[in-house]
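Order of appearance sets the numbers: ligands from 1, and atoms from 1 within every ligand.
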Amino acid sequence: MALLVNMDVPSLVSSWHRSLVTQASHPTFTITAGILLATYFSARYFSSPWRRLPPGPAGYPIIGSALEIFDNKQSFIEKCRAYGEVVYVNLAGQPAVIFNTQRAAADLLDRRATTFSARPRAIVAHELLTNGLFMITEGYTDRWRRMRRAVNEGFRPMAAARYHAMETQEAARLALSLARDMNASTPVARAGHYARYAASLALAIIYDRPVRDTAEDEHMAATIQDLITHLESASAPGAHFVEFAKWKRDALEGHARFTQFLDGLVEDVKRRMVIGEARQCLVRSFIEENQRFELSDVETSWTAGTMYVASVETEVATLEWITLVLATYPEVQRRAQAELDAVIGHSRPPRVSDRAHLSYITAVVREVMRWKPATPISVPHMSEEDEWYKGMFIPKGTICMVNAAACNMDPQACNLFAPVSSMTDLQYQLYGADAADFNPDRYLDGKGQLQPSPPDTKDEGHVTYGFGRRICAGRHVANDALFAAISTILWAFNLSTIGEFDLDRYVDKGISK
Ligand code: HEM
């Protein structure tokens with residue numbers, strides 16, 4: 001200490017520096033430093049959590065598997081089943097995982113929801129086109145919580161029951177329109193009828209404005225379809241890498257136009273509330289409960305609009321699958337119709353409120369949603385912290401994709417991972433040895449009543465509606481709408497295939513929201 005006080009600091013530093021330079025030129029020092037550095041870096045490398053990423057395809061240098069997933073997401077994700085329960089994919093430096101079992105998805109997205117409830121960033125589709133107001137792509141933010149709370153309250157099972165009469169009425173209109181259309185047996189025409197049903201029902205439930213045949217209603221449905229098309233093209237992977245400025249300009253212009261349109265729909269509900277002509281609907285509940293929900297005007301408009309956008313295509317795809325399955329399985333169709341004959345008879349069509357007595361038809365809808373999910377790959381979540389799962393590292397900021405089609409199967413029964421994974425810890429069964437087959441009876445007990453659903457399916461009997469805090473916000477309404485349509489169609493028609501039709505070879509592209 002006394003020595004230091006007597007020396008000036010710059011000269012001390014420079015003498016250390018000189019001695020270091022002298023030592024560095026000494027061969028023993030160089031070797032020792034090299035060994036120390038090598039030890040340091042190899043210790044860092046071997047202890048790095050990045051060495052414990054889940055298994056997955058190596059991909060190409062730098063871009064990883066980005067091109068393959070952009071080219072055909074569904075078939076790429078199918079190929080990744082072979083790597084096991086959780087698969088790691090490098091998307092040009094962006095970490096991503098795919099969950100292939102219900103257990104892994106539930107363990108993380110349900111049970112660690114605080115970490116796994118965000119969404120990946122979508123600059124054009126979310127930030128520019130909707131200015132952060134689209135609930136589906138909004139992060140795990142305060143705004144999302146307020147929007148989600150308002151929707152949850154408006155669509156929880158008791159509240160959803162308010163819409164049963166609308167669903168029954170729209171289902172009857174659907175059956176009539178199918179009966180009047182000579183081309184209804186073609187998939188394109190049928191999809192048009194299903195789209196009309198889903199759109200009219202969504203507009204009735206959200207704004208009390210079912211689509212009738214007026215020019216104004218046609219314009220309303222067409223404008224919302226335009227919004228959906230904009231969202232889809234802006235979300236297409238890599239779409240705006242080229243000509244970003246043009247995408248930006250179009251998205252900002254689209255945002256202003258769509259906001260004005262959605263505001264107009266809400267204003268119309270307010271006007272009808274004043275004159276006592278608005279029946280109960282989602283927007284009316286937003287307005288009446290606004291003190292609690294704390295949504296601004298523009299948040300109210302976009303939350304309502306989001307519910308419409310989220311509902312139509314998923315319902316159309318599911319209705320089409322149910323139709324195809326019922327036409328291909330005549331014995332299932334006959335049993336469902338026998339149930340209708342016994343419970344309802346021929347004097348009136350079924351109502352949604354009859355569902356408690358129509359267990360077999362309920363089981364058919366569940367089973368089609370499990371077996372042929374309309375959303376085979378769910379909407380991605382994003383992790384907000386580093387996490388570990390069964391010794392595998394999932395870094396903060398990882399995009400988490402759920403392969404719902406795989407999760408709805410039992411790995412063992414379907415031999416999902418046989419080529420690579422050890423089967424030892426996959427010896428669990430949720431759906432039974434026949435999980436790969438279509439069998440509505442799996443949901444029924446010996447007396448033909450619905451039995452409790454497998455664990456982690458939130459009493460749905462499948463995980464097609466997603467997971468955790470981001471689970472489908474409209475699932476109770478969707479279940480009612482699907483039941484209303486299918487029970488009415490079964491009551492009114494016999495479905496059969498024209499000529500040879502092989503359901504196993506029918507490939508539906510599915511919807512990836
Ligand atoms: C058969 C029909 C439907 C299917 C298969 C379906 C499926 C899904 C899936 C897989 C998700 C993502 C879940 C996740 O991130 O884990 C989702 C989210 C969502 N769904 Fe549905 N859906 C359907 C119908 C509906 C309907 C009718 C509505 C509205 C009335 C709706 C509104 C939403 C909303 C708002 C979200 C976003 C939730 C959030 O991010 O917090 N869906 N849906």
Side-chain angles (χ1 to χ4, degrees), residues 99 102 105-106 108-110 113 116-120 122 126 130 133-141 143-152 154-156 159-160 163 166-167 170 194 197-207 224 231 281-283 302-322 365-366 368-370 372-382 399-405 407-408 456 458 460 462-486 508 510-513:
F99 296 124
Q102 183 166 325
L108 294 169
L109 306 187
D110 284 347
F116 286 96
S117 294
R119 295 281 195 216
H126 185 68
T130 75
L133 289 157
F134 194 57
M135 196 176 88
I136 303 177
T137 41
E138 172 65 349
Y140 190 44
T141 62
R143 173 182 271 173
W144 173 80
R145 284 188 191 86
R146 285 182 291 107
M147 289 174 159
R148 181 77 204 217
R149 179 176 175 212
V151 166
N152 281 352
F155 278 175
R156 65 180 191 273
Y163 308 121
M166 289 176 181
E167 284 144 3
E170 292 299 320
Y194 288 161
Y197 166 72
S200 185
L201 187 53
L203 290 167
I205 288 172
I206 299 166
Y207 302 104
I224 303 191
L231 281 164
C281 61
L282 188 70
V283 167
W302 274 92
T303 307
T306 302
M307 297 312 281
Y308 176 92
V309 170
S311 61
V312 176
E313 290 189 35
T314 44
E315 281 181 12
V316 174
T318 308
L319 286 173
E320 182 61 5
W321 269 123
I322 302 176
V365 174
R366 284 186 181 184
V368 176
M369 290 194 73
R370 179 191 75 85
K372 299 285 179 195
T375 45
I377 296 147
S378 197
V379 187
H381 293 217
M382 202 184 70
I399 293 178
C400 302
M401 295 176 275
V402 176
N403 183 348
C407 293
N408 279 335
D456 292 326
K458 291 97 186 167
E460 298 290 351
H462 54 78
V463 291
T464 303
Y465 286 127
F467 285 91
R469 293 180 193 162
R470 304 305 292 242
I471 192 170
C472 176
R475 67 190 202 278
H476 303 302
V477 171
N479 285 336
D480 294 347
L482 297 171
F483 175 84
I486 288 306
D508 178 270
I511 296 163
S512 233
K513 289 208 256 176

Rounded to the nearest 0.5 angstrom, the CD1-CG distance for I206 and L282 is 6.5 Å
Problem - R119 side chain vs M382 backbone, donor-acceptor pair below 3.5 Å - result: no
To atom 23 (C) of ligand 1, the nearest of T314, L319, T306 on a heavy-atom basis is T314
Margin query: Looking at ligand 1, would T375 count as a contact under a 4.0 Å heavy-atom criterion?
Written below: yes
- Within the distance-only criterion (no hydrogens, no angle test), does the side chain of T141 pair as donor or acceptor with the backbone N or O of W144 below 3.5 angstrom? yes
Using modelled atom types and a 3.5 Å cut-off, is there a donor and acceptor pairing between side-chain atoms of Y194 and backbone atoms of E313? no
T375 side-chain N/O to T464 backbone N/O, donor-acceptor pair under 3.5 Å:
yes
Taking only non-hydrogen atoms of E315 and a 4.0 Å limit, the atoms of ligand 1 in range are 27 (C)
Of A198, C472, A481, the residue with the heavy atom nearest atom 20 (N) of ligand 1 is C472
Would you say S378 touches ligand 1, if touching means a heavy atom closer than 4.0 Å?
yes
Looking only at non-hydrogen atoms, the one of R470, M307, M147, E138 nearest atom 35 (C) of ligand 1 is M307
Would F155 count as a contact of ligand 1 if the rule is a heavy atom under 4.0 Å away?
yes
Ignoring angles and geometry beyond distance, decide whether F467 reaches within less than 3.5 Å of ligand 1 through its nitrogen or oxygen atoms. yes
Would you call D110 and R469 a salt bridge, using N to O less than 4.0 angstrom? no
Sub-4.0 Å heavy-atom contact, R119 with ligand 1: yes
The reported gap from OH in Y308 to OG in S311 (rounded to nearest 0.5 angstrom) is 7.0 Å
For A478, the ligand 1 atoms with a heavy-atom partner under 4.0 Å come out as 2 (C), 24 (C), 27 (C)
Ligand 1 atoms nearer than 4.0 angstrom to some heavy atom of M135 are 35 (C), 40 (O)
Closest non-hydrogen contact found for Y207 with G305 is OH-N, 3.5 Å
Residues at least two apart in sequence or cross-chain that pass side chain to side chain donor-acceptor pair (under 3.5 Å) with D480, listed by chain then number, are H164, R355
The answer for which part of R148 has a heavy atom under 4.0 Å from ligand 1 is side chain
* **W144, any N or O under 3.5 Å of ligand 1 N or O** => yes
Atoms of ligand 1 under 4.0 Å from any heavy atom of T318, numbered from 1 in the order shown, are 1 (C)
Margin query: For the 3.5 Å polar cut-off, considering only N or O atoms, please tell me whether H381 and ligand 1 meet it.
Written below: yes
Side chain to side chain contact (heavy atoms under 4.5 Å, CB included) with Y465: of H476, M369, K458, only one passes, and it is M369
